[in-house]
Amino acid sequence: MSNDLMTPDLDDTVEPGPSYPQFGTPMVLAGSVLVAASAFLSWSYDREPLGDVSITGNPAPTQYLALIIGVLGIVLFLGRGPLARFFSWFDETAALRGLGFGAVAFALAVILAIFANTSGLINVDPGGWILLVGSIALAFGAEQLPAGRTHADPLRSKTSSWTEILAIIALLTGVLFLAAYALAMEDGYAFLALLAFLGAISATLIRGGFFQWLSIATAKHRQVLMLGAVVVAFLFPFTQDGRDANMTIATQIIVFAITALGLNIVVGLAGLLDLGYIAFLGAGAYVSALLSGSATSHLGFQLPFWLTAIIGACVASTLGLIIGTPTLRVSGDYLAIVTLAFGEIFRITVNNLDGINGPSITNGPNGVSGIPELNLFGFDFGQPHTLGGFTLTRYANYYFLLLLLGAFVILVFTRLNNSRIGRGWVAIREDERAAEAMGVNVFGLKLFAFAGGAFLAGLAGTIKAHQDLAISPDQFVFLESAFLLAAIVLGGMGTVAGALVGATMLKLLPEKLRFLENYRLLMFGILLVLMMRFRPEGLVASKRRQLEFHEDDQELAEAIQVEHLETKEAQA
Amino acid sequence: MSTAVSHEMPAAPAAGREVVLDASGVIMRFGGLTAVDNVSMKVHDGEIVGLIGPNGAGKTTFFNCLTGMYIPTEGTVRLRGEVLPPKPSKVVKAGMARTFQNIRLFGNMTALENVMVGRYCRTSSMALTSIIRGPKFRREEEATRARAQELLDYVGLGKSAELLARNMPYGDQRRLEIARALATDPQVLLLDEPTAGMNPKETEEAMHLIFKIRDSGLAVIVIEHDMRFIFTLCDRVLCLVRGALLIEGSPQEVQSDPRVIEAYIGGDESQEEGE
Amino acid sequence: MQFLQQLLNGLTIGSLYALIAVGYTVVYGIVQLINFAHGEVFMIGAFGALATWSLLFKGTTAIWVLPIIILGAMLASVSVALLMERIAYRPLRNAPRLAPLITAIGISVILQEGVRLFYPEAKSSLSFPGIDIVTGPPIAIGGLDLRRSTIFIILALIVCAVGLWVFINRTKQGRAMLAVSQDPDTARLMGVNVDRTIAIAFALGALLAAVAGVAQGLHTRTVTFNMGFMAGLKAFTAAVLGGIGNIQGAVAGGLVLGVIEALATQYLGGATWANVWAFVLLIIVLVFWPQGLLGAKVVDRA
C-alpha cells in the first residue's frame, strides 16, 4: 500500500506542451546575451539613479548583477546540452523559467529606479530597454523550452560529504558578504534591484532543485551549519569597521528576532495566538530600567545587571503565567482577544503610573531615560573597543551580547521542539481533546509555552533597555505585537529560520526602502493579507505547519511524505 | 464461547481475577436530558466486556464519563479501588486509555510520533532536562522511541513508522490508534467501535489483535455495532438502552434476550455505525 | 446628580458601542468569524459622512443634510465591508482560524493607513461638521446637561435595533440568515444562497457601524484615522458581554459596558484608567462567563 506513495507516476500527468517550441532555444539564448550585454551599456541618461549606470563600457555594481543573470542564463542553457554532465540532478529548464521571471522583476526594478529618480521614462537609455527586452525574451523563451532530460532526484543524489560541507560554507560566506554589501547600500532603489536579483537567483535555485538538495545536506551536517552560522554572525561587526549605522539596525533585528522566537514558541509550537506579546519585552525592559539606577527611576535601586536580568525575565514570565491562565477555558479567537487586552492593560498601566494618575513609578508617557550603559566584568559596553585592528563600537558590544542571548534562545527553541514537550505541543495543535485523552497535560504545556516564551522576551527586554538607554510606553503598542506576529507569519511558523527571516525582513526593509517610509504600514497590511491568502504557512515553514494550513491537500501530504522518508534515509 | 474462534484461548472465569474497573451508579445529565442513567459495571483483569445498544443509547457518553472527558453528575468510577480524577490526562496516567469512534489521530505526525505522544504520561523530561540534554534525557528519548516502535510492531504497523498518520489506510489508522492507547501503559483499554468501516478481513485482524491484548492481561471494554463481532469477542456484554442498563450477561444470554432484540428493532431498525 | 450625569454619559457612549457591537455579533453568528477590522468599518463610515458633507454641502448645518451624509457614510462602510468579505475573508472560509484573524489585522492596518495617506489631511484629526439641531447647545433638565447628540445617538440605536429585528424576523432574507447561522450546509441544501447571506450579514453590520460613525462624529466633532481601533475593541467587548451571536445581547452589552466605563471614570481613577477597566471586564467575561449576559450561540468546533 504505502509503496504506491513513494513512486510517483510520471505517465499519468501529461503536461500541455509549450505553444511555440521553435522559439524556445533562440529566445533564451538571445535574451541571456542581451541581458549580459546590457551590463556594458548605459542604462540611464541621468547619472543620479543606481549609483551612476550611465557610462557605457564600465558597469556599475547593479549592472554586474545583470551580467550575472545573463551569464547564468547562458550556463543553464548550455546545461541542457554540452554541459549536461555537470547537471546530473539539477533541473536547468525549470531553473531557467525561474530565472526568467526573476530577470523581468529585476529589469522592472531598474526601470522603476530610473523613473523615480529622474523626470521620467525618457531618461531610460537604450541599455535599460535592452535589459528589459532581453529579460522578457529570456522569460518567454524559457517557458517555450520543451522539458529537459529526466533528472536524478536531488534528494537521492550521491554527492560526497565534502562537496556538501563546502556548499554550506560557501553559502554562509555568501550570506556574510551579501549582508555587508546590502547593508552598506544607501540607495533604496539599488537595494530594491538587489532584492529582485536575489529573488531571481533564489527562484533559479529553488526551481532547479538545489534547495531540496541543500536541505538534505544541511540535515546531514547540522553541526557544520550551526558552527558556520555562529562564525558568520560573529564576523559581521568586523565588516562594519567602526560604523554604527548598520550595527544599530543589526542589534534591533536581533532583539526583534529573539522576541519573535519567544512568540514562535507560543504561536508556532503550542499553536496559541498571542496578540499582546510585546508586553513581555516591555516588562523586562521596564524592570531592568527601573532597577539599574537610571537617572529618572524613582525606585533608587541600583542592582547588578545579572540580577535585573533574572528579575526582569521572571516578572515577564509571571505575566506570561497570568496571561496563560485563561487558556484553561478560552481558546482560538477569544484567546487572541484576551491576550490583546492584557497587552493594552500593560501599556495603559505603564502609561498611568506617573504620579498623577497612579503611583509614581514609571514616569508615565515620558518613559525612563538615562539608563546606564551595561558594565559586565569590567567591560564597559558604552565604550568602543579594538580587537585585532578592528574597531568595535558600543553597538557592536551590545550586538555580541545579544548574539549570545540569541544563540541561547535558538538552542532552547530547537531542543524544546525536539523533545517530549515539543511532541505534546504538536499533539495539542493537532487535536486538543485527543491529546488530553492520550495523557498529555494540555493546560500545563500551554502555560509553560506562555511562561517560557515570556521569559525569553523579558530577557531580551532587559538588554534592550540598556542598549536603547531610554524606554517609553509607546514602544509597546499593539502594532508592535502585530509586527511580531507578522514576523512569524511571514517567515514561517514553528521554525527558527522562519522567525529570523521574518524579523530581518520586517526590520531591514523599512530601513533600506526609505522612499517607501510613508507607505510602510500600508505595505505591511497588504503583505499580511496576501500571505494569508497564498502562503499562510510562511516562507520557511516547517513541513508539519505547511500541512496544517493545507489540510485538504492530499498531494502535498504525499510529496512531503516522500521527502521525509528520503531525508530519513539520507541521514541514516 | 470459544467455538467461533477455536484457536484463541478462552479467558479464565472472571471470578478468579481482580476487579480493575468499578463504575457504580454513573448518571450523566445534560440539562433535562439524562444521557446515562445509573449505570454500574465491574471489569476484571484480562476480560473483554462489550457495550452494545441502539444508536443514541449513551454508550459513548458513558465512555466519556469513564475517561474523565465528562464529569458524571452522580456516581463514581474507581480504578483498582482508587476514585479516578476528573481530568482525562490524569485518568490516562491512572491507567485507562481509549480510542475514538471517529478516529482522532494526530494526522500530520508520523505513526511513530503518534505513539510517542502516547508515552507522554509515562515519561518525565521537563523543560530543563530537554534543554540540557543530559544522559538521562537521551536514555528516556531512546526508550520512548524503542517502546513506540515495539508497539507499532505489536499491532502490525512496524513498517509504517515513518508514514504520516493522515496518509495511512483506514484500517491501519484504527490499529495505530490502538497502539497509541497502548503506549500509555493502560490497565483498561476502551475501544469505541474499533471495526467501524472495516472490511471483513480487517475486522478479523482487529479481533485477533484485541485477543492478543486481552491475553497480555489487560481489561478491554468495546463498543460495537457488529453483533457477530461482539458475541465472538466478548466474555461479557452490557446492553444500554436510552441511557440505562438493560441487561448484563454472557453473550449468549444477551443475544437471546427478547428485550435486547426488541430494543434494537423497536428503537432503531438500522444498525448503521455512528451515533 | 453626578451619578445620573455619568449614567447619561455612559448610555450615550454605550449606545455607540452597541451599534458597532451588532456588526461583530451578526457576522459571528453566521460565520463564527471575529471580524477584527469592523472597528475600521465604523471609522470609514465617519469619513464617508465627512467626505459627503465636504463635497456637497460644505458650510451647511441644516438638518436635511443629515440623512444624506448618513447615506454617504453607509455607502462607504458597506462597500468597504463587502469588498473585504469578498476579497479577503471568503477565500479563507475553510482555512484554519488563525488565517482569517491575521487577515483581519492586515485589513485593519490597510484601512487605517489608506485613510491616513489618501484622505486629504487625515494625518491629524479632522473636525466633523455640526448639524444645528443635533449639535446645538445642551438642554438642561434639572441639574443634568442633556446633550442633543445624546438624544440623537439613543434614537439612532432604537431605530436601528428595531429595523434590524424586523429585517431578521420578518423578511425572507432575514430568515435565511437565521438558517445559515444554524447550519450552513443544510441551509445551502434548502436553497439558501449562503454566500449572499454572509455578504448581507457583513453589509448589515456595516450599515449600523456607519450610523455609529456619524453619531460619534456629531458627538465629539472630530474624526481620526485610528478612531476605529479602540472603538472596535470596546464594541467587541460589548458583543461578548452580551453573548456573541446574540443581537439583543450586543445592544445590552454595549449599554452595560458604556455605563460601567462612565462610572469607572467617575469613581475608579479617572478617564485614564477607564480602558483598563473595560479590558479587565472583557477578560473576566471571556474567561468566566463566555456565554455572556444573554447567552451566546455556542459552537463546539472541537
Side-chain angles (χ1 to χ4, degrees), chain A residues 1-6 408 411-445 448-449 451-452 455 542-552 554 557-558 560-562 564-569, chain B residues 64 67-69 87-94 96-100 103-110 113-127 129-133 137 140-141 144 159-169 171-172 177 180-181 183-186 190:
Chain A
M1 268 296 178
S2 54
N3 270 341
D4 289 353
L5 303 180
M6 299 173 55
F408 171 70
L411 186 85
V412 169
F413 184 93
T414 48
R415 293 205 157 171
L416 283 182
N417 192 16
N418 293 313
S419 72
R420 166 177 179 262
I421 294 176
R423 281 192 298 276
W425 279 331
V426 183
I428 293 173
R429 249 162 44 208
E430 291 268 319
D431 185 339
E432 189 173 324
R433 288 181 56 183
E436 175 84 36
M438 284 302 124
V440 176
N441 181 358
V442 171
F443 181 53
L445 279 186
F448 174 68
F455 187 90
S542 73
K543 295 292 174 226
R544 182 138 42 218
R545 270 302 202 174
Q546 202 173 352
L547 280 175
E548 285 167 25
F549 276 99
H550 300 274
E551 207 55 76
D552 41 9
Q554 194 56 35
E558 283 164 19
I560 284 177
Q561 177 81 72
V562 172
H564 172 77
L565 288 172
E566 294 184 353
T567 312
K568 280 265 164 193
E569 212 169 282
Chain B
N64 287 342
T67 52
M69 290 185 101
K87 199 179 169 209
S89 61
K90 289 184 177 161
V91 171
V92 176
K93 185 139 198 193
M96 187 145 64
R98 69 171 295 175
T99 64
F100 294 90
I103 302 175
R104 291 180 89 155
L105 286 167
F106 308 120
N108 297 320
M109 295 175 104
T110 64
E113 287 170 333
N114 265 281
V115 185
M116 285 171 85
V117 170
R119 292 301 295 162
Y120 186 92
C121 63
R122 300 296 166 203
T123 44
S124 60
S125 306
M126 280 319 290
T129 3
S130 308
I131 293 166
I132 297 166
R133 309 233 144 166
F137 173 85
E140 192 177 273
E141 273 302 281
T144 305
K159 290 209 166 56
S160 310
E162 293 299 332
L163 289 185
L164 291 181
R166 60 186 277 179
N167 286 349
M168 294 170 77
D172 287 2
E177 240 198 345
R180 186 179 68 175
T184 65
D185 293 346
L190 286 76

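Just so you know, these numbers use all the heavy atoms, side chains as well, and skip hydrogens, waters and symmetry mates. In what follows, chains are A, B, ... by sequence order, proteins preceding strands, each numbered from 1.
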Specify which of B:Gly107, B:Ala181, B:Pro88 makes the most heavy-atom pairs with chain A at under 4.5 Å. B:Pro88

Comparing B:Met168, B:Glu140, B:Arg133 against chain A, the one with the most heavy-atom pairs below 4.5 Å turns out to be B:Arg133

Among B:Val117, B:Thr67, B:Thr123, single out the residue with the greatest number of heavy-atom pairs under 4.5 Å to chain A. B:Thr123

Is the closest side-chain heavy-atom distance between B:Glu113 and B:Phe106 below 4.5 Å? no

Residue from B:Ala127, B:Gly118, B:Pro186 scoring the most non-hydrogen pairs under 4.5 Å with chain A is B:Ala127

B:Met69 versus chain A, heavy atoms under 4.5 Å apart: side chain, backbone, both or neither? side chain

Using non-hydrogen atoms and a 4.5 Å limit, figure out which bit of A:Leu445 sits close to chain B: side chain, backbone, both or neither. side chain

So which atom in B:Met126 and which in A:Ile421 form the shortest heavy-atom distance, rounded to 0.1 Å? C-CD1, 3.7 Å

Indicate the atoms forming the closest heavy-atom contact of B:Asn114 with B:Arg180, along with that distance. O-CG, 3.3 Å

Highest number of heavy-atom pairs under 4.5 Å with chain B among A:Ala435, A:Gly424, A:Gly422 belongs to A:Ala435

I need the residue from B:Ala97, B:Ser130, B:Gly68 with the largest number of non-hydrogen atom pairs under 4.5 Å to chain A. B:Ser130

Side chains of B:Arg119 and B:Thr144 only: does a donor on one sit below 3.5 Å from an acceptor on the other? no

Between B:Lys93, B:Met109, B:Arg98, which shows the greatest number of heavy-atom pairs under 4.5 Å with chain A? B:Met109

Which residue out of A:Thr414, A:Val426, A:Leu411 racks up the most heavy-atom pairs below 4.5 Å with chain B? A:Val426

